[in-house]
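Here the structure comes first, spelled out in structure tokens, and everything after it is commentary.
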There are 2 protein chains.
Amino acid sequence: MQNSEAMALSTALLAVAGELTQRINEGVLARGFEGIRPAHGFAFVRLAPDGATVTELAAHLGVTKQAASQLVDEIVRKGYAERRAHPGDARARLIVLTERGWACTRAAEEAAAEVVRGWGQVLGEGEVRALWRQLGSIAPYGRIRPTW
Amino acid sequence: MQNSEAMALSTALLAVAGELTQRINEGVLARGFEGIRPAHGFAFVRLAPDGATVTELAAHLGVTKQAASQLVDEIVRKGYAERRAHPGDARARLIVLTERGWACTRAAEEAAAEVVRGWGQVLGEGEVRALWRQLGSIAPYGRIRPTW
DNA sequence: CTCTATGGTCAAGCTGCTTGACCATTACGT
DNA sequence: ACGTAATGGTCAAGCAGCTTGACCATAGAG
């Protein structure tokens with residue numbers, strides 16, 4: 001594959017990713033969750049299963065732990081998460097989603113599903129699943145870099 | 001497709017996009033083009049064919065024209081582009097890439113090709129082309145939003 | 001039971017974006 | 001033509017989110 005073709009593929013991927021991010025964020029805001037930015041969504045993804053420490057969150061987001069701490073301040077202040085004592089390490093705090101945080105996460109899933117349904121109308125269900133499988137097998141582990 | 005599946009697909013897409021952006025940027029820097037950020041790359045894409053005005057660039061990047069103007073200041077100062085008189089509109093200026101700007105664009109294409117080759121080793125050439133076709137048909141027109 | 005490493009926060013600074021104001025040129029309405 | 005509004009662009013100030021640097025509390029290693 002030629003370099004220019006690789007760049008065309010890259011551009012298409014980044015365009016789709018940019019639009020997806022924007023539409024999910026708009027969908028979340030439209031469902032009444034104010035003051036939420038895409039970076040918060042990436043944080044929620046990491047917090048959702050069982051919570052995480054500030055340091056773990058920082059690694060997931062690819063920022064300093066100070067920045068992650070500030071982000072946690074913000075979502076705590078807005079009622080989406082809370083800091084709890086960490087079981088087994090008195091230094092650490094476990095950040096967990098509140099019920100409102102979970103509701104926000106569900107809203108993001110709904111918004112994502114809306115966008116993906118639109119893809120399904122263009123590509124068909126089978127191709128969307130193929131896309132999922134392909135992206136899943138080339139996606140890096142663990143970390144998401146919301147910076148570009 | 002369930003909401004949680006749509007979110008998993010979205011997460012994979014965004015993870016791939018984030019890694020791609022990072023790797024392209026690293027590749028460009030490694031080829032000796034300093035002081036370049038991903039946002040510059042998105043600008044170069046718009047400037048490459050025939051140049052563009054600041055306002056057009058702002059629309060492409062999804063930022064204010066003041067921000068686009070500052071970005072142009074920066075890439076002009078670093079020697080990647082220059083402002084020329086606009087033929088046919090004395091208010092406007094046409095921003096065009098310099099030879100160094102073109103060299104940087106080619107470096108970005110090489111870096112993108114490296115990443116895509118890696119995908120080819122996992123998926124195979126045919127699937128990568130399928131990915132390209134699928135993404136191309138769901139990509140939005142014109143604008144890229146480098147904000148999330 | 002020191003000594004070092006780790007989790008977390010506070011404080012200050014920087015960068016890239018925004019809003020607001022303004023000038024030059026163009027397009028429109030009469 | 002001519003005056004008014006719209007458009008392209010820049011200057012200036014402010015702000016939000018990130019960084020670096022310093023620091024404290026607890027954990028783990030010897």
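Convention: sequence-line order gives letters A, B, ...; per-chain numbering from 1.
- Here the C1' atom of nucleotide D/dA16 and the NZ atom of A/K78 are 11 Å apart, to the nearest Å.
- B/R93 has its CZ atom 13 Å from the C1' atom of C/dT25, to the nearest Å.
- Side-chain contact check for B/E26 and B/Q22: at least one donor-acceptor pair (N or O, by modelled atom type) lies under 3.5 Å.
- Taking 3.5 Å as the limit, the base of D/dT10 and the side chain of B/Q70 contain no donor-acceptor pair of atoms between them.
- If B/T53 and A/L71 are placed on DNA chain D by their nearest nucleotide, the residue sitting closer to the 5' end is B/T53.
- Distance A/R83 CZ to C/dG8 P: 9 Å, rounded to the nearest Å.
- A salt bridge links B/R129 and A/E5; the closest N-O separation between the charged side-chain nitrogens and carboxylate oxygens is under 4.0 Å.
- Residue A/H40 is the one, among A/G88 and A/H40, whose nearest nucleotide of DNA chain D lies closer to the 5' end (criterion: closest heavy atom).
- Dashed line: the shortest gap from a side-chain N or O of A/S69 to OP1 or OP2 of C/dT9 is under 4.0 Å.
- In this model, a side-chain donor or acceptor of B/R91 finds a partner on the base of D/dT7 within 3.5 Å.
- Atom pair A/L94:CG and C/dG7:C1' shows a separation of 13 Å (rounding to whole Å applied).
- The base of C/dG20 sits within donor-acceptor range of the side chain of B/Q66, with an N or O pair under 3.5 Å.
- Checking C/dG7, D/dT10, D/dG9 against every side-chain atom of B/A92, the shortest atom distance belongs to D/dG9.
- Here the nucleotide nearest the side chain of A/D89, chosen from C/dT25, D/dT26, C/dT9, is D/dT26.
- The CG atom of A/L57 sits 13 Å away from the C1' atom of C/dG8 (whole-angstrom rounding).
- A distance-only check finds no donor-acceptor pair linking the side chain of A/S69 to the backbone of A/K65 [under 3.5 Å].
- Note on B/T64: a base of the nucleic acid sits closer than 4.0 angstrom, heavy atoms only.
- Rounded to whole Å, atom C1' of C/dT9 lies 12 Å from atom CD1 of A/I95.
- Contact annotation: B/T55 side-chain N/O to D/dG9 OP1/OP2 distance is under 4.0 Å.
- Distance B/K65 NZ to C/dA21 P: 14 Å, rounded to the nearest Å.
- Salt-bridge annotation for B/E114 and B/R31: present, with a side-chain N of the basic residue lying under 4.0 Å from a carboxylate O of the acidic one.
- For the pair A/R37 CZ and C/dC17 P, the computed distance is 15 Å after rounding to whole Å.
- B/R77 has no carboxylate O lying under 4.0 Å from a charged side-chain N of B/E82, or vice versa, which leaves the two without a salt bridge.
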